[in-house]
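To find a chain, count down the sequence lines: A is the first, B the second, and so on, and within it residues start at 1.
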Amino acid sequence: MTNLDPDLIQTIVVLGATSAIAKAFIRQCCNAQTKFVLVGRDEEALDAIKSDLIIRKARSIETIVADLADCFRAKETVQAVMARCSRVDLLFISYGILGDNAEALKDNVLTQEIITSNFTSVACLLSEFTPIFEKQKTGSIAVITSVAGDRGRQSNYIYGSAKGGLALFLQGLRHYLSKYGVHVLTIKPGFVDTPMTSAFKKGLLWASPEKIARGIRHALLKKKSSVYLPGFWKWIMIIIKLVPESIFHKTKL
Amino acid sequence: MVVMYRNSTIPTGAMTPMWTSWGRLLSIETPQHPFRKKPFLSTNGTILATGNLKSYGDSCLLSNGTAFSMLFQDNILAWNPQSGRLKVEAGVLLDHILQNFVPEGWFLPVTPGTKYVSVGGAVANDIHGKNHHRVGTFGHFITSLKLLRSNGEAIVCSPSANSNLFQATIGGLGLTGIIDWVEIQLIPIKSSLMDVEWLRFEGIPEFLELNTASSHYDYTVSWLDCTSSKKGKASAKGIYIRGRHHPDPSCLSIHKKPYLKIPFNFPDLTLNKYTIGMFNKLYYHHFPKHKKGTQHYDPFFYPLDQLIDWNLIYGKRGLYQFQCVIPFKHSLSTFQTMLDIIAASGQASFLSVLKSFGSIPSIGLLSFPEEGLTLCLDFANQGIKTLTLLKQLDELVLAARGRRYPAKDATMTRNQFKQFYPNWNTFLAYKDPKISSDFWERVSPQ
């Protein structure tokens, strides 16, 4: 498709397009001016999302099947993405795994898997994209981390440390890319009501993927550096970070 | 390992992963996973695909096994704006279809009293609506569907291809395989408004007169005040509601998001026969003898959707629903006896609905609707007292050769199931051996 009016047409690249938050975000961004490049591992799920976006009248949709957690394939994946679009207006990274902390303590292969999926592989992909954004001198990068990355907790510190590391990486990347006019957004969601958590008892702290997606769009528009979603998590995490270790160790968080 | 993103930071053990159906009679702890093909095929033991869990009883629950939630499968796969054919994944909610296609001038061919049910659930229960007397059930508008069987087969069925499996799946309670996608025929509308008439009636004979006079209306239903019935007299008061889509082009606006939410379980005493009686009287007198007007489709079809989690009004104890259909020749006497028994029991149904089903035969082997009058009641769970009442009502249904609706059932026995659904034997041949539900464990003929 010829790019007649580059100011209006947006290209959005989504890594981990089949996640609940990504799906909600993609649908909200979808209009006749949006071109999507969607990357994920599940071909059937990607095809279904593609059909859905065609009916929602997206300008164009490309899908790429790739194992994003494989660090050695990062270069290949980014090349595949760039073969399908001339530039990237928004790079949205939404894949990751929670993993089971207790299981991972028994088997360090799981520990490695959690760290690789949530941190190392994302860092590799972002590093591959960095020169592209440097050259473009425009665009946004939005990456989902987690409130779990703000403080290490006994129940969840492997996942938490990977997400915390990722947040730190993004902070540095934001610093580096700021002189090129590229915006980097760190997204820290709290509890999100996805079908995967449908078995959980929902309380006041839970939010829908649609609500998180709206928050992400707002943060992108406002060029925020980092955002807690929903916003009240900012205050919860301030308190959690302030609790002294001596008291924190008495909790089961 | 990639893809599914989960932002929970609390370890799984910290919260009890409980789930329940809309009647909230039973909470179970079975793990529930988002549906993925590979884990579905490799899971050992019994499985069940679930939708939005709006069934009242236990047909959407599985205590011993693994449940797969289809809600994540919510993509629209194909749409033909000329013919109105829509192909969607099973987890798409009716709400979602309305949001996307009402502005284009299309509507659901059949809709139940809530828009928050999944398409997969609508097929599995072969749902009916206020237009049953004119068009039949949801199943009549399904042009094809894809079924994933636990042996790895993927079968596309339609009225012409694999039609036996198609008939078993429509109303098949999700037991014939996992419904992957469904192709539905939508109906064209010119406006999102409805032309509606409300008419008061007193007694079931008067209802029947109105019903005969209203058969050319596309949508008919009536609300019944079961507390107003006097023993031995067919005197229950009610409001007869009939309507049709506004025929002239006007706005095609979608419904608004609900704004009221029941925040917690109301005390058990909230709903008793006195408060129910009072509410019903007020509601009845809210309407004049005959009222005409226009109304958006949302309050017309989905009055209770305005109130999120309305089932919490019944309190922690939960509620039993009772919906039966009785052939016309027995319905008048049976319903009158039912109302007498309910009054004598000291229990009352908050929302009672009376409607006639038309003569179009249902497609599904286990479809609930058949020609006759259907009555829908709900009772707060008062333990043995309510169970005794339900048992008495069941006996009347059996005697009148009627049947009860599995989606609203928590008490049906094996014997009753066999009598209500004489096609059960044929159905068994198409049931997927790995799929079951608590309902099925309870009623399956052994």
Side-chain angles (χ1 to χ4, degrees), chain A residues 16-23 40-42 44-45 47-56 66-70 94-102 113-114 116-117 121 144 146-149 153-156 159-160 188-192 194-201 203 212 252-253, chain B residues 1-20 27-38 50-53 66-81 86-89 91-92 96 99-101 104 118 154 180-181 257 263 309:
Chain A
T18 58
S19 87
I21 295 175
K23 267 172 77 176
R41 208 178 44 164
D42 186 336
E44 260 181 80
D47 286 345
I49 293 171
K50 184 176 174 173
S51 318
D52 190 75
L53 291 173
I54 291 172
I55 292 152
R56 286 166 202 272
D67 187 355
L68 293 163
D70 187 345
S94 54
Y95 71 90
I97 56 164
L98 180 62
D100 186 323
N101 213 78
E113 210 172 83
I114 297 171
T116 312
S117 291
S121 65
I144 295 186
S146 170
V147 291
R153 290 171 298 108
Q154 57 92 25
S155 60
N156 203 17
Y159 172 81
K188 295 182 176 181
F191 305 144
V192 187
T194 65
M196 190 168 230
T197 55
S198 61
F200 286 72
K201 203 175 172 188
I212 303 292
K252 281 187 174 171
L253 282 169
Chain B
M1 281 289 292
V2 205
V3 182
M4 278 303 299
Y5 195 84
R6 186 168 169 190
N7 295 300
S8 165
T9 53
I10 283 190
T12 1
M15 285 174 153
T16 332
M18 298 285 261
W19 46 297
T20 183
S27 289
I28 60 171
E29 286 189 42
T30 316
Q32 203 183 18
H33 305 291
F35 174 75
R36 294 271 150 166
K37 213 171 184 177
K38 267 186 207 152
T50 61
N52 211 19
L53 304 176
T66 310
F68 287 100
S69 170
M70 302 305 286
L71 291 184
F72 200 62
Q73 312 295 110
D74 64 347
N75 292 299
I76 299 166
L77 299 177
W79 166 240
N80 183 335
L86 174 69
K87 184 174 157 187
V88 292
E89 288 184 308
V92 167
H96 192 90
Q99 281 188 37
N100 287 283
F101 297 101
E104 295 194 33
S118 67
D180 186 18
W181 55 253
K257 285 226 152 70
D309 292 342

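- Within the 4.5 angstrom heavy-atom criterion, atoms from both the backbone and the side chain of A:I49 approach chain B.
- With chain A as partner, the option from B:N100, B:L77, B:T50, B:I76 having the largest number of non-hydrogen pairs under 4.5 angstrom is B:I76.
- Residues B:F72 and A:T18 share a closest heavy-atom pair of CZ-O, 2.9 Å.
- A:D52 is linked by a salt bridge (charged side-chain N to carboxylate O under 4.0 Å, His left out) to A:R27, A:R56, counting only residues two or more places apart in sequence or in another chain.
- Using a 4.5 Å cut-off between heavy atoms, A:K23 contacts chain B through its side chain alone, with no backbone atom that close.
- To the nearest 0.5 angstrom, A:I54 atom CD1 is 11.0 Å from B:N75 atom CG.
- Note: B:H96 leads B:H96, B:K38, B:K87 in heavy-atom pairs under 4.5 Å with chain A.
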